[in-house]
Structure formats: structure tokens, C-alpha cells
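Basis for what follows: all heavy atoms, side chains included, without hydrogens, waters or symmetry-related copies.
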Number of protein chains: 2
Amino acid sequence: MGRRSIHTAEELRELILTSTTELIEDEGLAGLSAREIARRIGYSPGTLYNVFENIDDLVLTIEGRLLDQLALSLHAVPEDECPHQRLKNIAKAYLRFTHDNPRLWNLLFEHHMQTGAEIPPWYQEKLENLLAEVERELTRLIPGASDARVKRAARVLWAGVHGITSLSTTDKLATVTTDDAAPLVEDLIDHYLGGLTNKKS
Amino acid sequence: MGRRSIHTAEELRELILTSTTELIEDEGLAGLSAREIARRIGYSPGTLYNVFENIDDLVLTIEGRLLDQLALSLHAVPEDECPHQRLKNIAKAYLRFTHDNPRLWNLLFEHHMQTGAEIPPWYQEKLENLLAEVERELTRLIPGASDARVKRAARVLWAGVHGITSLSTTDKLATVTTDDAAPLVEDLIDHYLGGLTNKKS
DNA sequence: ACCTGAACACCGTTCAAGT
DNA sequence: ACCTGAACACCGTTCAAGT
């Protein structure tokens with residue numbers, strides 16, 4: 001027993017993160033276990049606790065990386081469109097991302113912190129950055145609107161797209177199939193934005 | 001050991017169901033365990049398996065009852081309104097229901113069948129009945145619309161309301177707080193239906 | 001017929017002991 | 001300094017044995 005030093009501290013950390021990510025994409029949250037991660041990386045379970053505080057800490061780190069990847073995908077959506085079209089393209093990019101990482105994405109909803117543990121501030125920031133992208137386009141679309149109105153619209157759209165992808169991913173409320181997701185998202189955005197801009201009241 | 005017959009078979013079944021429901025509302029899915037249920041009802045773990053096939057079977061039964069309760073709540077929404085207003089009232093009833101049973105409701109998304117197990121047909125039927133209520137009002141609202149268009153609109157609304165409640169319940173994507181949910185749902189329905197009816201293209 | 005409780009194959013996490 | 005592996009307190013599920 002004792003030191004092996006086959007991997008540096010950073011290599012080991014990365015090995016744990018990639019192996020865990022693979023494990024989740026393979027088996028879902030249900031198949032996730034500290035002992036299984038240890039088996040996959042060829043270390044004892046105890047080693048994980050030298051690198052991460054606990055499994056929550058490890059999973060939260062993976063979730064943060066996932067949010068970063070999503071942010072990159074959304075920022076990559078070309079700017080040279082009208083706001084309405086760009087919002088649709090952002091939504092499509094979101095859809096593609098969740099489609100490519102379904103189990104990892106589900107992690108964000110299904111994994112809860114153990115009682116007492118708080119969600120770190122950097123996590124909240126990442127989320128708000130994602131919403132900011134939507135808010136920017138909405139401001140372009142309805143220039144006269146108040147901040148509150150834009151914020152509300154961004155959350156409604158975000159939640160709506162989330163709801164559609166969520167229902168198409170979850171088995172239990174699957175009145176929506178995966179194939180339906182894209183047209184439903186288009187329908188939501190077209191009609192919601194239509195109602196937003198064609199306002200008479 | 002051996003027979004006790006303090007409870008009849010039906011009493012025991014009901015005892016398990018109510019205790020498990022309470023346990024879930026207390027501790028969430030994470031705190032759910034066969035051994036903890038057994039402790040709470042004062043029977044050995046093995047007894048659970050005389051009544052239910054396994055924990056999945058038990059949980060699915062609870063979920064079915066939950067869907068029945070929701071169906072009752074939605075059907076209880078008064079009919080004497082215009083479709084637009086009735087849809088808003090149905091959504092509000094939905095919101096109230098999820099607010100009153102947050103952890104149980106989350107069960108529907110967070111609890112997955114073990115690999116290989118299928119979701120029973122009665123479960124799907126309950127879901128479709130809920131959607132049918134929304135489809136009926138939409139048909140009244142846009143009488144000329146095709147079946148496909150109504151179905152699509154019903155799913156978009158359903159998913160949208162689900163997304164809002166889901167985000168307000170989940171800790172991990174909580175850019176939406178619980179207080180926000182009702183106004184966001186109103187906003188969604190008003191603008192989406194506005195876009196649906198004010199169609200020019 | 002009904003219920004138990006030991007048994008089996010698992011968990012997350014800690015920490016003394018080894019190199 | 002780094003890593004192990006036994007230990008502790010848990011799991012879900014099965015099934016022979018008891019009344």
C-alpha cells in the first residue's frame with residue numbers, strides 16, 4: 001500500500017472527473033457510486049476523498065463544467081440575425097446540447113445536495129450568465145420594455161424550453177417524444193414572442 | 001415470529017402506502033428506503049415484498065394515486081368561463097397542487113424505473129386524460145384548428161407550466177423562485193395564447 | 001397463511017496503518 | 001505525502017424457518 005504517484009494530483013483529479021462523467025452518461029445517476037468510480041480508475045475508494053470532499057462535491061464540479069460547455073455552445077450561435085430568429089437558434093442549440101448529453105443534463109435536476117449543504121455562488125453565476133444571453137435578445141426585440149418585463153419573459157422562455165426538453169427526456173411524463181421537441185420549441189417561441197410583440201393591451 | 005394478522009391484507013397495503021407517502025413528503029426521494037418504511041410501519045423489511053413486487057412497484061402505485069388526485073383538482077375547476085380564462089385557472093390549480101405536494105410531485109421526474117422495467121399502460125392513460133382537459137379548452141379557443149395543431153399547443157402549454165414549476169422547485173436551476181411561479185404562468189398563457197389567436201401568417 | 005430475520009451483495013465515508 | 005483497506009453504519013431483495 002502507500003504512495004504510488006503514477007499520476008500527479010492534477011492528473012488524478014482529471015481522471016476522476018472524466019471517469020465519473022463517463023459513468024453518469026453510461027448508467028445515469030442511479031448507477032453512480034463512489035466505489036464504482038474507484039473501480040474504474042483503479043484506485044481505492046478512500047482516494048476519492050483525498051481529492052474531493054465527497055461525492056456531492058465531485059458531482060457539483062461536473063455540473064459546473066457542463067454549464068460552462070452549454071454557455072460556450074450558446075455563445076457560438078451567430079449574431080447576424082433578427083432577435084426572434086436568434087432566440088430560436090439559441091433554443092435549438094440548447095436542445096442539441098441536452099440531446100447530446102441527456103443523462104448529464106438530467107443530473108442538474110435529479111441530483112440534490114445533501115441536507116444542509118448550500119449551492120455555491122459560482123454555480124448561480126453560471127446560470128445567470130446563461131439567462132443574460134436571452135435577456136439581451138429580448139431587449140432588442142421589445143426595446144420599450146421595462147427590465148422586469150424582460151427578465152420575466154426570459155424566464156418564461158427558459159422555463160418553457162426546459163419543460164419541453166425535460167418532458168421529452170423523462171420517461172414518466174412522456175406525452176412528448178424526443179422527436180417532438182424541436183417543433184414544440186419553435187411553436188413556443190413563435191407564439192409566445194408573437195403575443196409579446198403584437199400587444200394591444 | 002410468523003403470522004400476526006393485526007392488519008388485514010388491505011389495511012397493511014394502505015398502511016404501507018400512507019407511510020411511504022409521508023416518508024417521501026418528509027425526506028424526499030433520497031430518504032426513501034425499504035428498511036425505513038418497514039421501521040415506520042413496525043414490520044420487517046421482508047413484509048413489504050409480500051405486498052408489493054419491489055420498491056419501484058410501490059412508488060409507481062403512489063405516483064398513480066397522485067395523478068388521480070391532480071386529475072380531480074383540475075376537473076374541479078369551474079366550467080363557466082371563456083377558454084382562455086379556464087386554461088389559466090387550470091394552470092393555477094396545477095400550480096397549487098404541485099405547491100402542496102412538492103416532494104411527491106418531484107417523484108414523478110426523479111424516480112426512474114430500474115433498467116428493463118416498463119411503465120404500465122394505466123400510467124400513460126392517466127397522463128393523457130390530464131392533457132385531454134387542456135386540449136378541450138384549446139379546441140374551444142381556436143375552433144378552426146387541426147387536431148395536430150391543438151395537440152401541439154396543449155403539449156407546449158403543459159410543458160411550459162411544468163417547466164416553470166419545475167424550475168421553481170429545483171434547487172439547481174433556481175433562477176426562478178417559488179413566488180415567481182404564478183405570475184410567470186400567467187405571462188406564459190397570456191402571451192402564448194395571444195400569439196395563437198392573433199395569427200396573421 | 002403470514003411474517004421474520006439472517007444472508008447476500010451492495011452502498012458512502014473515515015481513518016489508522018503502511019510505504 | 002500518498003494510498004490502502006478494514007471498519008462502521010447503512011442499502012434492496014430473497015427465502016428458509018417459524019407459528
Let me know the distance between [atom1] of [X] and [atom2] of [N], rounded to the nearest Å.
X	N	atom1	atom2	result
B/Y49	C/dC3	OH	P	16 Å
B/N50	C/dT4	CG	C1'	10 Å
B/R35	C/dA7	CZ	C1'	10 Å
A/I55	C/dG12	CD1	C1'	7 Å

Intra- and inter-strand pairs of DNA chain D in dot-bracket (Watson-Crick or G-U wobble, both distances under 3.5 Å; | for another strand): ||.|||||...|||||.||

Proximity to DNA chain C (any heavy atom under 4.0 Å), residues of residues 16-25 of chain B only: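 Heavy-atom contacts with DNA chain C come from no residue of residues 16-25 of chain B; none.
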
Integer angstrom distance from the P of C/dA9 to that of D/dA9: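 Taking atom P in both C/dA9 and D/dA9, they lie 22 Å apart.
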
Touch class at under 4.0 angstrom, heavy-atom based, for B/L12 against every strand present: sugar-phosphate

Over 12 foreign heavy atoms within 6.0 Å of CD, A/Q85: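 Yes, because the 6.0 Å sphere around CD of A/Q85 holds more than 12 heavy atoms from other groups.
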
Residues in contact with DNA chain D, drawn from residues 41-48 of chain A - heavy-atom cutoff 4.0 Å: A/Y43, A/S44, A/G46, A/T47

Contact under 4.0 Å: B/R39 side-chain N or O vs D/dC11 OP1/OP2: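 Affirmative; the distance criterion is met.
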
Looking at [Y] and [X], is any side-chain nitrogen of the basic one under 4.0 Å from a carboxylate oxygen of the acidic one?
X	Y	result
A/R86	A/E137	yes
A/K126	A/E63	no
B/R152	A/E186	no

